[in-house]
Structure formats: C-alpha cells, structure tokens
Amino acid sequence: MASIKPKTNAEELIDLGNNLIKYLRESSGLLKPDPFYVKKMKNNAEKNKEGDYAIYWCILSLLESINSNYDKAKVFYDNAFRVDTNRHDLRPNYIALLFKLSRFEEVFEQGISYLKIDNSCEYTFSKIIRSSYFTLDTDSLEEAIHLFEPKSAVSKEVKSEGIEAVENILSLARDIESIGVSPTDYTSFMSFLNKFNSKKSHEEAKVRFSIENRFDQFIRIESFLTINSKQAIDLNAEFDSAFIEYALDNDFLSSLGSFVTYFKSCEDIDDGRENPHAVYASKNKSMVV
C-alpha cells in the first residue's frame, strides 16, 4: 500500500485559508466567535507560515475578521500584498473586507481592476452591485457590467440583477433628492449602517429600502438577518443609540429624521406586500439588495 504523502506547508495554509473563508461566508445570525477555533487556526498558520507568507498574512486577516476587527484585518491583508504584489488570487476576499469597512470607492477601484483579470468572478461583481446601491454610483457599476462575463446560470442571474440595478439606483437617487435628502447624507448613513451590520454579523444582510413621501418624508431601511424577534428588538435599540451618538459626533443631527431603520428576522421579509422581494421602483415601494 502506498503511503499518503504529507501536505506541504503551502498546502496546509491553503486549506486553512479556504476553511476560514467558508466559515465567514456561511456564517449567519449574530456574531459569536469561538476563541478556541481562532486560536487553533492561528497556531496552525504559525506552524506553516514559511510555506507562503502572503497566504499566512491573509489567514491572520481572516482571523481578525472573525472577531470583527476589520481595521486590523486590513493591515494584515496589506502585509500580504507587500509580500507579493501580484497575488491576484487574494483580491476577492480583500474586496469583501473593503466592503465591510464601507470603503466603497476602493471596492469599485479594486473590483474593476480584478474583473479585468478574472471577468467571471461573481463574488466581486456582487460587491460592486451592493456598493453601488449604497453610494448611488452607476458609472462604476456600468463599467463592471461591461467587464463581467458569467460562466453559470447563477452568475447570469447576478449579471441581470446588476443591469437592472442601474435604473433602480437612478430612480432611487431621484426620489431621495425629491424628499430633500442629499446623496452625501445618504451615502454617509449607508456607510454607518453597513459598518454596524458588519460588526454584528458576518451574514450579508438583505437590505430593503422604501421612500415615504406622505405626511412625513424619510427613507425606511429594513435590514434582514437570521435573528429572532428578541434579537431584532435589541439590535434596533442598540443601533438607535449608536446612530444618535454618531450624529452628535459628526454634525449629522439635521438628518436624523431622514432615516428610519429596522432590524428584522429574515422570516419577516414576506410581510404581506404585493412583492416583498421587489427591487426599488418608485416612492412608497420597496427594494431588497
């Protein structure tokens, strides 16, 4: 019987990195990092770091992301690119990290640059779509649409979502302006909300927008996560306090009434609306991204 050849240090690091990426992408609900898991993975990375120092730094970055230490995670990821500036295979998860940090302009820059190398990366394209909704930037999205070449039925659906998003975002931008909310205030709020979401869960929340233009005028934002009703109540209270503090610190008080935010369970998304999963179409309609 032939003996099993042991994995090289580099192969061990690749397996560690893939396991951590899977852990982060499949996580749902509120953040519950396992310190023993993190310690075990870090020890394994230390033992094998000589196999590929670029991947080693990426693993340290992913471990910081598990604990929602995204600023430190970026420092480690930047170290990986200092080791090897040509490691394009590391870019998609770096772009995802930039998104968690609400560094949307860098998501566009890095994402478009990567699509010129790998034009079928659905993960990168989806981050550009989401960043476009949060910034009202259709120029970058249109460039990404031109570059992106889907290779599967699912990817084709994602490209269709991107194409549809261009008109949705233009409509959303017009309607936001019509109720007196500036694009700058909207982007600032979405940046804050996105960072809050990222701190509370690795799950990519479904965010639904609707514009209220009746007696009161405001943007309603619903953030759907795999949580129960008690957790939703607690998150809403915590977010309200955090947003008031943010508004006080950033001269944003005048815009407090322009945004109404709700955290909800994913089970509550089908709430009797004609099309609860609809993309934004007009005022008093909803949008899910």
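The first residue in the sequence is number 1, and the count goes up from there. Side chains are part of it too, since the values below use all heavy atoms of this structure and drop only hydrogens, waters and symmetry mates.
- In summary, the side chains of S152 and S155 do present a donor paired with an acceptor at a separation below 3.5 Å, with no hydrogens or angles considered.
- From L13, atom CG reaches atom NZ of K49 across 11.0 Å, with rounding to the nearest 0.5 Å.
- Donor-acceptor pairing under 3.5 Å is lacking for the side chains of Y56 and E50.
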- Intermediate values then yes/no, side chain to side chain donor-acceptor pair (under 3.5 Å), S132 and D137: CA-CA 5 Å; S132 297; D137 179 351; 5.7 Å; no

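- E167 and R174 are joined by a salt bridge, as a carboxylate oxygen and a charged side-chain nitrogen come within less than 4.0 angstrom of each other.
- A salt bridge is absent between R82 and D78: the closest approach of a Lys/Arg side-chain nitrogen to an acidic carboxylate oxygen does not fall below 4.0 angstrom.
- No cation-pi contact links R87 to Y94, judged by a cut-off of 6.0 Å to the six-membered ring centre and 45° from its axis.
- Using modelled atom types, one finds no donor on one side chain facing an acceptor on the other under 3.5 Å when comparing N213 with S178.
- Ring planes of F192 and F239: tilted class, angle from 30 to 60°.
- A ring pair (Phe, Tyr, Trp, His ring centres under 6.0 Å) with F189 is found for exactly one of F209, F243, F196, namely F243.
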- Going through the distances and angles, do S182 and E177 end up as a side chain to side chain donor-acceptor pair (under 3.5 Å)? CA-CA 6 Å; S182 72; E177 188 174 2; over 6 Å; no

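- Separating the CD1 atom in I21 from the OG atom in S65 is a distance of 10.5 Å, to the nearest 0.5 Å.
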